[in-house]
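Naming: A, B, ... by sequence-line order, numbering from 1 per chain.
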Amino acid sequence: MTAPTKPQSSPATATPTPAPTPTATALHTPVISWFETHARDLPWRRPEAGPWGVMVSEFMLQQTPVNRVLPVYEQWLARWPRPADLAKEPPGEAVRAWGRLGYPRRALRLHGAAVAITERHGGDVPREHAQLLALPGIGEYTAAAVASFAYGQRHAVLDTNVRRVFARAVSGTQYPPNATTAAERKLARALLPEDEGTASRWAAASMELGALVCTAKNETCGHCPIAGQCAWRLAGKPAHEGPARRAQTYAGTDRQVRGKLLAVLREAIAPVPQAVLDRVWDEPVQRARALDGLVSDGLVEPLPGGLYRLPLT
DNA sequence: TACCCGTGGCA
DNA sequence: TTGCCAAGGGT
């Protein structure tokens, strides 16, 4: 465990330069150890959650805080304990049960994934990364997360938390780039423990560290198990350089209008007349564009006579 | 690649 | 109050 504190400015020998990054185990051991005592007791981490529970949680947690997911997750798993249970429902029921989690297309994709699992995988969440990746709503992150968390496999699980931990601890910057880079993926693979079980724990532990300690704002380095080797902290925590993340406006956008329209339809039992939807937004062009978008996304089903409802097919 | 896609808590 | 942020995916 040689930890080169400084680059050798005048090496006397021709020995190869040590790797510039800290040895991997110097990060793994303290982070995994910290995780064992500080991990939150979340329902999708319990054994009874199973692969389906893990997968549902990953869909819900995309861009959504844990505290908001918890109650919806519990209701979802109680109602649809297996993929086939969800698959036999109309997609609109998934959208309705999604409630106010946001990004309701995720509900549609989760329903589509349940249908695909039922048809193509005998009702069991597939183990293979490539098969997971082929399901709707599952990208690189979620495929790796399900394979790692549900099946204990060795995958680089690179979410926003892990990217921030790596940016600080290894790269010495406050924040990662706006979009995930090839260099980040390469680093994540290089830091992945060889052993499958250790790799799986490392994935969960590094993510939890980013979520609880190495947070975007008000990080608590005093609680960090690798503060002593954090490149950003050792450099005096320099402020972020480069382009700020694009501000995400919401008020007045199509997203807000879509949200208002869908909220009406979620609460309605019977098909809703156009005139009722018209009351949620006074600007007719934007209102029509938002409704058209919901229809083309499959989130809303238009019926004859100017009626709308959540989709039955 | 850059942009679109919801919602609500918090400083 | 306003801006920032939250376990991304699809196009």
- Message: Assess, by modelled atom type and distance only, whether the side chains of Arg68(A) and Tyr73(A) contain a donor and an acceptor separated by less than 3.5 Å.
- Response: no
- Taking the side chain of Glu58(A) as heavy atoms from C-beta outward, which of dG8(B), dC5(C), dA7(C) is closest to it? dA7(C)
- Task: With the side chain of Tyr175(A) defined as its heavy atoms from C-beta on, choose the nearest nucleotide among dT7(B), dG8(C), dC5(C).
- Result: dC5(C)
- Task: Please determine, for the side chain of Arg100(A), which listed nucleotide (dT7(B), dC4(C), dG8(C)) has the closest atom?
- Result: dT7(B)
- May I ask you to decide whether Glu301(A) forms a salt bridge with Arg309(A), counting only side-chain N to carboxylate O separations under 4.0 Å? yes
- Query: How far does the P atom of dC4(B) sit from the matching atom of dA7(C), given to the nearest Å?
  - Reply: 23 Å
- Going by atom types only, do Tyr141(A) and Glu58(A) share a side-chain donor-acceptor pair under 3.5 Å? yes
- Item | Distance, P atom - from dG9(C) to dG8(B), rounded to whole angstrom | 23 Å
- Hey, are Arg287(A) and Asp282(A) close enough for a salt bridge, meaning a charged N less than 4.0 Å from a carboxylate O? no
- Message: Measuring to OP1 and OP2 of dG8(C), would you say a side-chain N or O of Tyr103(A) lies under 4.0 angstrom away?
- Response: no
- Ignoring hydrogens and angles, answer whether the base of dG9(C) and the side-chain atoms of Thr142(A) contain a donor-acceptor pair closer than 3.5 Å. no
- Task: Name the nucleic acid region contacted by Tyr250(A), choosing base, sugar-phosphate or nothing; use a 4.0 angstrom heavy-atom cut-off, strictly under.
- Result: base
- Give the nucleotide from the list dG8(C), dA6(C), dA7(C) with an atom nearest to the side chain of Gln62(A). dG8(C)
- Note on the structure: Walking DNA chain B from its 5' end, the first of Asn218(A) and Arg68(A) to be reached, judged by nearest nucleotide, is Arg68(A)
- Query: Hey, does Arg164(A) reach any base, or is it just sugar-phosphate, or nothing, if we go heavy atoms under 4.0 Å?
  - Reply: sugar-phosphate
- Message: So if I take every side-chain heavy atom of Ala216(A) and compare against dC5(B), dG8(C), dC5(C), which nucleotide ends up nearest?
- Response: dC5(C)
- Query: Has the side chain of Arg255(A) got a donor or acceptor that lies under 3.5 Å from a partner of the other kind on the base of dT7(B)?
  - Reply: no
